Amino acid sequence: MDSSLLHGFTDAAFYEKYGPSFGYRSGAAVFEEGMRDGALVSLSYNAAGYLMTTNPLPRPAWIDLDNRNYIIFPRPESFGLSVDGQSLNSHWEFVSFEKEEANGKTTAEIKLKNKIRPVEVTVCTELDGTPVFRRWIEVKNTGDRPAAINELSPLSGALQAVINADSYLKDGESLYRLGYLRSHRWCDEGEFTWIDLPEEIFTVAGRYRRDRHRHPMFVLQNRATGENFICQMEWSGGYAFEFDNQQYGPDPSTPRQNNALSLRVMMDSPEPVYVMEPGETFVSPKVDIGVLFGDLDDAVNAMNDHVRKSVLTRPDDADFDLIESGIGPEYDMSRESTLKAIDAAADIGSEVFFIDAGWYLPPDDDRWWAFCGKWTFDTARYPNGIDEIREYVHAKGMRFGMWMDAERICSESEISREHPEWIAKLYSGKPNGSGNIDLTNPEAAAWMRAQIVHLIEDYKIDMFRLDWNVSTFNLQNCAENGEYLENTFARHSRAVYDVYESIRREYPHMILENCAGGGGRTDLGMVKNFNHTWVSDWQKAPRSFGITNGMTLCLPPECIDRLVGGQGSYTAGDISFQMQGLMFTHPTFGGVFPLDQARHSGQLQYIRRYVEFYKSFVRPMIRDCRIYHHTPELTFPSPRGYGILEMTAADKNRGMLGVFRLSGPSDDEKVIRLRGADVSKKYRLTYVDSGESTETDGFALKNEGIRIRLGGALTSELVTYEEI
């Protein structure tokens, strides 16, 4: 059977027989919840397309919340909310259910009214036909005084109950394994790992209790019954995923055979997270969660389909997958050096050229960070102005871009002296040390947006390159809000989203690139308004491959920027290793040649070949490609052994396999069975570096595989297969 027949279907149903109950179907993914004893609770997840009301008698096979099978869910509620210190997990009155169908999607709303506090909640669910659905809640203060949100979980409750779980498993084997990004540190982005989910409350957090470089996602696999849950939170503030994994038995003398698993996806920050004025509605971050059968890559590709369809805002007709080059503070960035760098970028076939941090500095000063907020070019550095640089870039057939650390005003900028009150304050009352703007101040937010528009309009740029170099410590900002000392994570993030959503609407074909000191803000809430995002500042092999490998588990590959020729990337690894790794992402080139010395003609030709290969082979398939991680879990900071990635077109008419030998001892040969090939097709198999090719069939590629020999560390092989 063609499993694609299950894709595309959406429906939201309401039925009252057992109390108000709601069923959502998206593709083969199903989620059900219902009103029980004054609470909205989760009732069922199913990955085969079935509502539990399919067989309703004697009752639907929902998760047992009544402890009949010696299973307890302490917090079964579908969302979590605390207002003014009062937990609002109960005493809800069902008001209405509505759904809307448009553009191949179904959106459902459950309206609830609390009987204790003057609060209303709208629970929103969006279904797009993929196995991933989108969930958020809207909280309205219906009282006559401000109300503080202390805790908010847009999605929570019972995930699964497994009866006689021990009978499915080997002795000592855990029922669940959890995949997430282990490291929260700068330049360790993408360190994906599997762990056995412990029988306890286990939390993965970032941007508040941990640093900001851990992307908010997880994959959860049930070893016994096969379901995969994949989840991301569209949130640039503090977040936490909390798993409550418990086992129960009929009595203390029997084995603990029954398993109960709950989840809470939470905003995480000092309280209160937000203060609502009377009549105000707070819209929570969105949570994207899917359930499906298969393996890790099935889950990742399902999430990619959902993100492309329902999260990203880029126009379909825009030329966004363009090869980029630029010049940054690794050079003197003088007029002469910039023009030479433009020549070099054009020579390798780049399509965009940008000037990075430093274009606003005096020539004798390299403190690019200290001058953030001074967003006019330095006349001593560019005596003929930005117009000359832009027009020279255009004359070379490239688009022109500029960098800005838009959300900071630092010590050497005039604006920091004119408006010191615009710098956000820590709980100590001191200004944060990185110059982070207080975007809860409407004047400051308007000024920031005006500076971005200034670059777009006055300097006539084609690409805007955002950066944000703020540590987690300097994000712990607060503001006095009446009788409350409110944490500003939520207001700041909302203000950021508003700015870039408006920029995207006003300039739909502007290339927008996101960075945050590397990968400090790669969440979908931020990335959705950008073409692609800088997932790390670390570009040196072998960790560079590990970062690419892990971050392509989190974001579609066309959204991921990786670099060759800058940030030390040229200091480690064979040139094939560097260039071939770039092909699985959105490529960027730094200084691949010395600007004042002769270019290596062979190196230039080699780089040109891969630039053309990306344009002609990769780009036509990357926006709807499937990606396969043959080695998802690698050691950090120095990955060892082999790293293997595969990318294939959605129709399987072409694909490529990248085999990368990392550090440490390993076998010289590796046999890889291709996952993206179609067993019914004939293919031409080509080794890209040598050009050697042969003809074979998809059955052989998928079942027998191909043998790759790499004789030393930090070398690689890229092999393509094309239908004939």
Side-chain angles (χ1 to χ4, degrees), residues 177 179 182-183 188 190-195 295-297 300 538-553 557 562 564 569-585 606 610 613 626-648 655-677 679 683-721:
R177 69 169 182 165
R182 182 195 301 273
S183 179
D188 276 347
E191 187 184 359
F192 181 81
T193 189
W194 287 110
I195 65 165
D295 63 11
L296 173 63
D297 283 322
V300 167
W538 192 272
Q539 317 293 344
K540 290 183 283 187
R543 198 191 320 178
S544 59
F545 177 84
I547 292 167
T548 298
N549 184 69
M551 290 306 298
T552 50
L553 291 165
R562 299 302 280 138
V564 163
S569 62
Y570 54 89
T571 63
D574 182 66
I575 189 171
S576 66
F577 188 105
Q578 298 170 17
M579 297 301 302
Q580 291 171 3
L582 213 59
M583 297 299 101
F584 290 87
T585 65
Y606 190 85
Y610 273 95
F613 173 79
R626 298 293 178 265
I627 190 162
Y628 302 95
H629 299 81
H630 292 251
T631 53
E633 190 174 21
L634 297 170
T635 58
F636 269 62
S638 298
R640 298 185 293 274
Y642 278 85
I644 303 170
L645 285 173
E646 183 183 353
M647 181 186 292
T648 186
M656 63 182 185
L657 174 73
V659 183
F660 300 84
R661 188 164 176 182
L662 307 174
S663 63
S666 186
D667 296 334
D668 289 348
E669 292 187 346
K670 197 82 172 174
V671 175
I672 302 101
R673 295 177 178 86
L674 274 65
R675 300 178 185 174
V679 296
Y683 292 101
R684 176 174 292 107
L685 191 73
T686 302
Y687 292 74
V688 176
D689 258 4
S690 69
E692 297 172 343
S693 66
T694 187
E695 294 181 4
T696 186
D697 57 68
F699 182 85
L701 292 176
K702 204 160 191 174
N703 291 279
E704 299 171 12
I706 60 175
R707 186 181 300 274
I708 300 293
R709 185 183 187 280
L710 295 172
L714 303 190
T715 59
S716 64
E717 187 76 75
L718 186 65
V719 182
T720 64
Y721 50 102

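Everything numeric here is computed off the predicted structure, so don't read it as measured data. Side-chain atoms are counted along with the backbone in the values below, which use heavy atoms only and exclude waters and symmetry mates.
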Considering all heavy atoms, the nearest [X]-[Y] contact:
X	Y	answer
Ala541	Ala572	O-CB, 3.5 Å
Ser716	Gln580	OG-OE1, 2.6 Å
Ser693	Thr686	CB-OG1, 3.4 Å
Ala677	Leu701	CB-CB, 4.2 Å

With the side chain counted from C-beta on, respond yes when [X] and [Y] share a heavy-atom pair under 4.5 Å apart, and no when they do not.
X	Y	answer
Asn703	Arg673	no
Thr585	Pro557	no
Lys670	Arg707	no
Ile708	Tyr687	yes
Leu553	Phe192	yes
Thr648	Arg626	yes
His630	Tyr642	no
Phe636	Ile547	yes

**Study point:** Partner set under ring pair (Phe, Tyr, Trp, His ring centres under 6.0 Å) for Phe545, not counting sequence neighbours
**Key:** Phe660

Check your understanding: Of all residues at least two apart in sequence or in a different chain, which pass the ring pair (Phe, Tyr, Trp, His ring centres under 6.0 Å) check with Tyr570?
Key ->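 In terms of ring pair (Phe, Tyr, Trp, His ring centres under 6.0 Å), with neighbours along the sequence ignored, Tyr570 is linked to no residue.
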
Check your understanding: Charged N to carboxylate O below 4.0 Å: is that the case for Arg543 and Asp188?
Key -> yes

Practice item. Give the ring-plane orientation class for Phe613 versus Tyr610, where under 30° counts as parallel, over 60° as perpendicular and anything between as tilted. Key: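 Because their plane-to-plane angle is over 60°, the rings of Phe613 and Tyr610 count as perpendicular.
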
Check your understanding: After noting the C-alpha distance and the side-chain angles of Met579 and Ile575, does the key distance pass the side chain to side chain contact (heavy atoms under 4.5 Å, CB included) rule?
Key -> CA-CA 6 Å; Met579 297 301 302; Ile575 189 171; 4.0 Å; yes

Check your understanding: Should we count CZ of Arg182 as having more than 12 external heavy atoms under 6.0 Å?
Key -> no

Review point. For Arg675, does the CZ atom have more than 12 heavy-atom neighbours from other residues, nucleotides or ligands under 6.0 Å away?
Key: yes

Would you confirm whether [X], through its side chain, and [Y], through its main-chain N or O, come within 3.5 Å as a donor-acceptor pair?
X	Y	value
Ser663	Pro639	yes
Glu633	Trp194	yes
Asp697	Val679	no
Asp667	Glu669	no
Thr631	Ile644	yes
Arg562	Ser544	yes
Ser666	Gly641	no
Asp574	Leu714	no

From [X] atom [atom1] to [Y] atom [atom2], the distance as rounded to the nearest 0.5 Å:
X	Y	atom1	atom2	answer
Ile706	Thr696	CD1	OG1	9.5 Å
Ile672	Glu704	CD1	CD	14.5 Å
Leu685	Leu674	CG	CG	7.5 Å
Met583	Leu645	CE	CG	13.0 Å
Asp297	Thr552	CG	OG1	9.0 Å
Ile627	Glu646	CD1	CD	9.5 Å

Exercise for review: Let me see the working for Leu662 and Arg640 under side chain to side chain contact (heavy atoms under 4.5 Å, CB included), right down to the final yes or no.
Suggested key: CA-CA 5 Å; Leu662 307 174; Arg640 298 185 293 274; 5.6 Å; no

Exercise for review: Go through the steps to decide whether Ser569 and Trp538 satisfy the test side chain to side chain contact (heavy atoms under 4.5 Å, CB included), and finish with yes or no.
Suggested key: CA-CA 8 Å; Ser569 62; Trp538 192 272; over 6 Å; no

**Study point:** Audit row: Phe584, Leu718, side chain to side chain contact (heavy atoms under 4.5 Å, CB included) steps and yes/no
**Key:** CA-CA 11 Å; Phe584 290 87; Leu718 186 65; 3.9 Å; yes

Point to revise | For Asp668, all residues meeting salt bridge (Lys or Arg N to Asp or Glu O under 4.0 Å), sequence neighbours excluded | key: Arg661, Arg709

